[in-house]
Chemist: 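Just passing along the structure, written as structure tokens.
Everything numeric here is computed off the predicted structure, so don't read it as measured data.
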Amino acid sequence: MEHVFIAGDHVNLHPAVLYGLLLFELLASATYLGTCSRLVEKVIMNNKISDINKVDLMVQVEMATSALEGKAYTLLTDGFSESLLQETLLVRYGVENILKEVATKSANLWGGLNFLSSNEAAYLLVVCQLLSFHPPTKHSALDMMMVLQN
């Protein structure tokens with residue numbers, strides 16, 4: 001038992017576990033955002049798609065990127081805090097929503113024969129949905145996020 005790390009109970013987790021969760025949320029969100037960016041890139045390269053649709057996709061990806069970068073910068077400059085973890089969880093769920101929306105819109109725009117004939121398109125669309133399968137779920141993190149209201 002001397003080599004077992006006791007993380008604490010669900011109410012009082014060890015700070016190392018919370019810090020690890022914060023890093024995981026940033027890295028996982030950024031990874032899936034990168035995948036979504038590849039899907040958007042495919043749409044941007046298609047000359048048949050209107051510029052306004054391309055810009056709308058780029059705006060959403062940039063917003064998600066900036067939010068993640070902001071939390072990473074705060075971690076680097078201010079260090080870990082429970083409030084930063086809470087804020088990062090909120091950003092993660094926002095990124096999750098953006099990924100779903102942008103991926104679906106990108107697949108629709110890329111659509112038609114391009115989508116049907118490309119294994120990459122289907123793969124990217126599915127991968128962009130997978131952040132929602134990573135813990136913690138919104139329901140299980142609700143108490144942690146609600147602390148921000150106080």
Side-chain angles (χ1 to χ4, degrees), residues 5 7-8 10 13-148:
F5 178 75
H10 69 283
L13 286 174
H14 191 281
V17 173
L18 296 174
Y19 183 76
L21 178 60
L22 171 67
L23 290 176
F24 172 79
E25 295 304 328
L26 289 171
L27 292 171
S29 298
T31 299
Y32 287 107
L33 183 57
T35 301
C36 189
S37 295
R38 175 66 177 149
L39 187 54
V40 169
E41 181 182 16
K42 293 295 230 177
V43 171
I44 290 170
M45 295 167 125
N46 187 334
N47 294 328
K48 296 178 184 177
I49 296 171
S50 74
D51 288 343
I52 194 70
N53 282 325
K54 293 176 184 179
V55 168
D56 285 344
L57 293 173
M58 290 187 297
V59 164
Q60 289 184 290
V61 169
E62 182 60 32
M63 291 296 295
T65 302
S66 293
L68 285 173
E69 287 176 345
K71 294 303 156 201
Y73 179 79
T74 301
L75 177 62
L76 287 173
T77 57
D78 298 343
F80 172 75
S81 69
E82 283 193 44
S83 65
L84 178 59
L85 175 59
Q86 295 159 350
E87 294 164 10
T88 300
L89 285 169
L90 292 172
V91 167
R92 174 257 165 106
Y93 297 123
V95 168
E96 188 178 308
N97 293 340
I98 288 172
L99 291 176
K100 290 176 184 176
E101 183 179 332
V102 168
T104 301
K105 185 173 181 179
S106 295
N108 288 337
L109 289 170
W110 192 10
L113 292 176
N114 289 328
F115 185 77
L116 293 174
S117 64
S118 171
N119 289 337
E120 183 183 20
Y123 172 77
L124 292 171
L125 178 61
V126 169
V127 170
C128 290
Q129 312 301 313
L130 295 179
L131 183 58
S132 62
F133 293 101
H134 285 286
T137 63
K138 285 181 193 175
H139 180 72
S140 65
L142 189 59
D143 288 340
M144 191 180 310
M145 291 184 294
M146 295 307 289
V147 171
L148 288 174

Chemist: Can you tell me how far CD of Glu41 sits from CG of Leu39, rounded to the nearest 0.5 angstrom?
Modeler: 10.0 Å
Chemist: Taking all non-hydrogen atoms of both residues, which atom of Cys36 and which atom of Val102 are closest, and how far apart?
Modeler: SG-CG1, 3.5 Å
Chemist: Using every non-hydrogen atom in the two residues, find where Ala67 and Val91 come nearest and quote the distance to one decimal.
Modeler: CB-CG1, 3.7 Å
Chemist: Pairs of donor and acceptor atoms involving the side chains of residues 128-135, under 3.5 Å and at least two apart or interchain, shall be tabulated with distances.
Modeler:
| from | atom 1 | to | atom 2 | distance (Å) |
| --- | --- | --- | --- | --- |
| Gln129 | NE2 | Leu125 | O | 3.3 |
| Ser132 | OG | Gln129 | O | 3.0 |
| His134 | NE2 | Tyr32 | OH | 2.7 |

Chemist: Could you pull out all donor-acceptor pairs under 3.5 Å where a side-chain atom in residues 16-31 meets a protein atom, sequence neighbours excluded?
Modeler:
| from | atom 1 | to | atom 2 | distance (Å) |
| --- | --- | --- | --- | --- |
| Glu25 | OE1 | Arg92 | NH1 | 2.8 |
| Ser29 | OG | Glu25 | O | 2.7 |
| Thr31 | OG1 | Leu27 | O | 2.8 |

Chemist: Report yes if the side chains of Lys105 and Asn53 come closer than 4.5 Å at any heavy-atom pair, otherwise no.
Modeler: yes
Chemist: Could you list the donor-acceptor pairs under 3.5 angstrom formed by side chains in residues 54-64, with sequence neighbours left out?
Modeler:
| from | atom 1 | to | atom 2 | distance (Å) |
| --- | --- | --- | --- | --- |
| Lys54 | NZ | Ile44 | O | 3.1 |
| Lys54 | NZ | Asn46 | O | 3.1 |
| Gln60 | NE2 | Glu101 | OE2 | 2.9 |
| Glu62 | OE2 | Ser66 | OG | 3.1 |

Chemist: How would you list, by chain and number, every residue that makes a side chain to side chain donor-acceptor pair (under 3.5 Å) with Ser81, sequence neighbours excluded?
Modeler: Ser83
Chemist: Can you list every pair that meets salt bridge (Lys or Arg N to Asp or Glu O under 4.0 Å) and has a residue in residues 65-80, with sequence neighbours left out?
Modeler: Lys71-Glu87
Chemist: Checking Lys42 now: which residues fulfil side chain to side chain donor-acceptor pair (under 3.5 Å) with it, not counting sequence neighbours?
Modeler: Glu120
Chemist: For residues Ala121 and Trp110, report the shortest heavy-atom separation together with the two atoms involved.
Modeler: CB-CZ3, 3.0 Å
